[in-house]
Amino acid sequence: MKRGLGVKETMPSKAFPVEHQDAVPDGDSFSANSSEMKSTSPPRFQLWRGYEEWTLRGYILAFVSILSIFALSGSFMFAHSMGGSPKLFGEVDTNPHPKFTLSDHDSSAFKSAWERSGLIGEGNPGKATSGSSRPAQDSLNSINGDADGYPSYGDGGALLGCNQSSANLKLFMYDLPPEFHYGMLAKEAYTGGQIWPKNVSDIPPYLGGLYQQHSPEYWLTSDLLTSNMPGRQSACTAFRVSDWRSADLIYVPFFASLAYNKYTKSLRKAGLLGGELDLVGDKNQKLQEKLLKFLRQQPAWQASGGSDHILVIHHPNSMHAMRDFFRNVMFVVSDFGRYAPEVANIGKDIVAPYKHVIPTFVDDGASFEDRKTLLFFQGTIVRKQGGVIRQQLYEMLKDEQGVRFEEGTSGKGGIQSATLGMRGSKFCLNIAGDTPSSNRLFDSIASHCIPVIISDDIELPFEDELDYSEFSVFIKSTDALQKKFVINLLRSIHKDEWMRLWKRLKAVSRHFEYQHPTKPYDAVNMVWRAMARRVPTLKLRLHKQKHFSRSNQG
């Protein structure tokens, strides 16, 4: 009994829990009673067996730790040896197009531009900072997005940079002479065979005022031109490749809308052209003729008949003289109001938003009560063709309480007035004009004023991705012309429903922003995405056309 008590006294009472006290001996007690451990009495035998088990576990843990250290070291060595692979680490493709180079100074300026845009942090050029934009993906997982307003991807971060493997769309772009694009904007003519701006800072700005509304050609070309530059830090949807045979589509960099505004429209204002469609002697028409001649000599055009070529003709009068010769091409348009269906249609072509003229409402905290005006419209009331409904609605709505329906101008004063009017209104009226669409829709989106769309034949940008009924109100023309229909409908939309529309409108407004540098899911990248979705169908059609190519050789 004394030995048993002696052993019990040597057991630790505080260092270990009760259930472990007979299995793990205290070191001092073990040494003081070593002679007693030779006994085979059950208590002492129990202590020695526990120590054996503890020692064995220690060896096992040490062995596993050594293996882990070797494995970790091997991983670091492998990663270091592969550090130069851009495909593994998302580095930028360092093989820029030979026609457009970037100096070290401009590379820094280009990076700074991306930093100012909020896409990257100065100390971490390869990773998106918190709250920064994320690169475009193959599909929008959720347009509503997560807390920061962007779709959820699940990886918690995204590598920035633009390269051929990361882009959704690979495009070949012709090196057309500058008279087809930036040469129309440059202050001084390009010399010495120069085709493109020398660097990013050399890209000339687009024209101001209402000319901006049909400027998608400029923003798309600028994004594609800079896509393969080594200084680019942003993600991209489209990437420029040097071989047309490896491209998904072929991009034709002709500023068709600018050519119309600068040459044809200016001649009409000066009274130097006859009828509305008389383009004889117009430099715009001469450019179109030269373009067609050039394209017909290109292997890419000959291989597809032009059906895999992209041409931006956003102004409804652009390419008017020659558009029938380009009917196979994928057009980028504002709508289809002035096109024959065999020339342009929603099945073949892309609808791009206008560039809004009214400034973006950045810090919009206006509540339902803050927007005092119920319905706002400012613009030309008497229009031709389909715009006749404007005059009818004006007569019906002008005297209604809470309605501002007034004639507007396109000058600076008119833009300021429209900006204040839209930002202070709950709903903004968007009525068909000479064509089914107008820039007013995109001004109202930028102002977060719920669009009321009265245009039965309108085709809307990105409607295969965006549900406009979630942030707009549609009214049939026949219903709109019924007495009190429009005003009663809008008055029936109470605060909760209006707030739902307004929050959704604010969330999607980023898809209608043209800018350079671009941001993921802005208007430029959304247009590229729309093109990318057309590629499989186009390729299918081209492949089927080759089925009997040998049969036609006889």
Side-chain angles (χ1 to χ4, degrees), residues 210 213 353-381 383 387 389-433 437-455 458 460 468-475 477 479-480 484-513:
L210 291 182
Q213 60 184 337
Y354 293 66
K355 186 184 187 305
H356 57 81
V357 178
I358 285 180
T360 302
F361 199 174
V362 178
D363 298 318
D364 180 10
S367 65
F368 181 81
E369 291 78 13
D370 293 332
R371 293 179 178 255
K372 305 297 183 182
T373 302
L374 176 66
L375 180 63
F376 178 82
F377 177 89
Q378 178 181 302
T380 305
I381 294 175
R383 302 293 291 186
I389 192 176
R390 290 190 182 183
Q391 179 71 33
Q392 297 171 298
L393 287 171
Y394 170 73
E395 297 296 337
M396 296 175 64
L397 295 170
K398 63 179 182 178
D399 297 324
E400 292 287 350
Q401 183 178 359
V403 174
R404 281 185 58 189
F405 201 127
E406 55 198 38
E407 188 79 20
T409 63
S410 58
K412 184 176 181 180
I415 293 175
Q416 290 177 345
S417 174
T419 300
L420 293 174
M422 287 188 169
R423 292 182 178 184
S425 302
K426 295 178 177 66
F427 299 96
C428 287
L429 198 56
N430 297 274
I431 321 170
S437 67
S438 76
N439 191 44
R440 190 170 293 100
L441 169 61
F442 305 99
D443 283 340
S444 63
I445 291 175
S447 304
H448 306 153
C449 180
I450 309 301
V452 178
I453 301 173
I454 306 176
S455 181
I458 193 170
L460 296 165
Y468 279 75
S469 66
E470 293 180 348
F471 54 89
S472 306
V473 176
F474 290 86
I475 302 177
S477 297
D479 292 335
K484 296 282 187 179
F485 184 92
V486 173
I487 197 67
N488 288 342
L489 175 62
L490 298 182
R491 286 173 179 166
S492 70
I493 298 177
H494 298 295
K495 179 178 178 179
D496 289 346
E497 184 178 358
W498 183 89
M499 289 294 292
R500 178 182 60 80
L501 294 167
W502 176 68
K503 289 179 180 179
R504 184 71 181 121
L505 179 60
K506 290 206 302 179
V508 302
S509 61
R510 64 192 174 99
H511 301 311
F512 302 93
E513 295 290 339

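Both backbone and side-chain heavy atoms feed into the values below; hydrogens, waters and symmetry mates do not.
- Within 6.0 Å of atom CZ in Phe361, more than 12 heavy atoms from other residues, nucleotides or ligands are found, so the atom counts as buried in its surroundings.
- Taking all atoms of both residues into account, the shortest heavy-atom contact from Phe474 to Leu460 is CZ-CD1, 3.7 Å.
- In terms of heavy-atom proximity, Ile389 sits nearest to Ala432 at CG2-O, 4.3 Å.
- Interatomic distance, Ile358 CD1 to Gln416 CD, rounded to the nearest 0.5 Å: 11.0 Å.
- Annotation: side chain of Asp479 is not in contact with side chain of Leu489 (no heavy-atom distance under 4.5 Å).
- No more than 12 heavy atoms of other residues, nucleotides or ligands sit less than 6.0 Å from atom NZ of Lys503.
- Inter-residue side-chain proximity for Arg423 and Pro359 is flagged as met; some heavy-atom pair is nearer than 4.5 Å.
- Put simply, NZ on Lys426 and CD on Glu369 are 7.5 Å apart, with the number rounded to the nearest 0.5 Å.
- Paired with Arg390 under the rule side chain to side chain contact (heavy atoms under 4.5 Å, CB included), one option of Leu429, Ile431, Ile454 passes, and it is Ile431.
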TODO: Take Gln401 and Arg491 through the side-chain contact (heavy atoms from CB on, under 4.5 Å) test and state the conclusion after the steps.
DONE: CA-CA 11 Å; Gln401 183 178 359; Arg491 286 173 179 166; 4.0 Å; yes

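- Residue Lys484 comes nearest to Ile487 through the heavy atom pair O-CG2, 3.4 Å, listed as atom of the first residue, atom of the second, then distance.
- Using cut-offs of 30° and 60° for the angle between ring planes, the Trp498 and Trp502 rings count as parallel.
- Here the side chains of His356 and Ser447 are not in contact, with every heavy-atom distance at 4.5 Å or above.
- Summarising the local packing, CG of Asp496 is surrounded by 12 or fewer heavy atoms from other residues, nucleotides or ligands at distances under 6.0 Å.
- Residue Pro353 comes nearest to Phe442 through the heavy atom pair CB-CE2, 3.5 Å, listed as atom of the first residue, atom of the second, then distance.
- A pairwise comparison of heavy atoms in Pro451 and Leu441 identifies CB-CD1, 3.6 Å as the closest pair.
- Ile475 CD1 to Leu490 CG: the interatomic distance, rounded to the nearest 0.5 Å, is 5.5 Å.
- Contact annotation: the side chain of His448 approaches that of Arg371 to within less than 4.5 Å [non-hydrogen atoms, C-beta and beyond].
- Proximity of Glu513 to Thr360: side-chain heavy atoms (C-beta onward) are separated by under 4.5 Å at one or more points.
- Taking CG from Leu393 and CZ from Phe377, the interatomic distance works out to 9.0 Å, rounded to the nearest 0.5 Å.
- In plain terms, the two heavy atoms of Gly421 and Ser425 that are nearest each other are O-OG, 2.5 Å.
- Here OG1 of Thr419 is found 7.0 Å from CD1 of Ile415. Values are rounded to the nearest 0.5 Å.
- Arg440 places none of its side-chain heavy atoms less than 4.5 Å from the side chain of Gln378.
- Side chain of Asp443 to backbone of Val357: a donor-acceptor contact under 3.5 angstrom is found.
- To the nearest 0.5 Å, atom CD1 of residue Ile453 and atom OG of residue Ser444 are 7.5 Å apart.
- Distance alone, capped at 3.5 Å, is enough to place a donor-acceptor pair between the Glu407 side chain and the Ile381 backbone.
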